[in-house]
Amino acid sequence: MKERDLITVLDEYKQEKQLSVEALIVINSETFALLTPKEDISVSFVMQVKDELDGQYLYGIDDPAMTSMVIDAYEIAVDANPAD
């Protein structure tokens, strides 16, 4: 199994968390990340990635339809290019 890219983020309580970046998906010129916490690989979630002057930030998605579109796009990509 190939190890995914790991990023370290600060949560809303200023606690460091390590996340595995499963995929970056671009929809309508917006970038979304499918992320898995390193400590609990049974959970994945989608966040929007925004570039700011001082770095990149992750934002929650309030629109369930957008979350579904990102997951659908990920599943289509995986089906089209299965991992070895």
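For the atom pair CD of E39 and CD of Q18, the computed distance is 8.5 Å after rounding to the nearest 0.5 Å. Between atom CG of residue D63 and atom CE of residue M69 there is a gap of 7.5 Å, rounded to the nearest 0.5 Å. Note that NZ of K17 is 10.5 Å distant from CG of L10, once rounded to the nearest 0.5 Å.
Cluster annotation: V26 is not connected to V49 through the hydrophobic network of ILVMFWY side chains, with a link wherever side-chain heavy atoms come within less than 4.5 Å. In the hydrophobic clustering of this structure, I61 groups with I27; members are Ile, Leu, Val, Met, Phe, Trp, Tyr whose side-chain heavy atoms approach within less than 4.5 Å, directly or through other members. Cluster annotation: F45 is connected to L24 through the hydrophobic network of ILVMFWY side chains, with a link wherever side-chain heavy atoms come within less than 4.5 Å. Residues I76 and V46 do not share a hydrophobic cluster, defined by chaining ILVMFWY side chains whose heavy atoms lie under 4.5 Å apart.
The 12-atom threshold is exceeded at CD of E52, counting heavy atoms of other residues, nucleotides or ligands nearer than 6.0 Å. At most 12 heavy atoms of other shown residues, nucleotides or ligands fall within 6.0 angstrom of atom CG in D62.
Residues E75 and D72 have side chains in contact (heavy-atom distance under 4.5 Å, counting atoms from C-beta outward). Counting heavy atoms from C-beta on, the side chains of L58 and Q48 never come closer than 4.5 Å. Annotation: side chain of F32 is in contact with side chain of M66 (closest heavy-atom distance under 4.5 Å).
The closest donor-acceptor contact from the side chain of N28 to the backbone of E30 lies at 3.5 Å or more, if one exists at all.
Checked against L19 for a side chain to side chain contact (heavy atoms under 4.5 Å, CB included), the options L6, D5, I7 give a single hit: I7.
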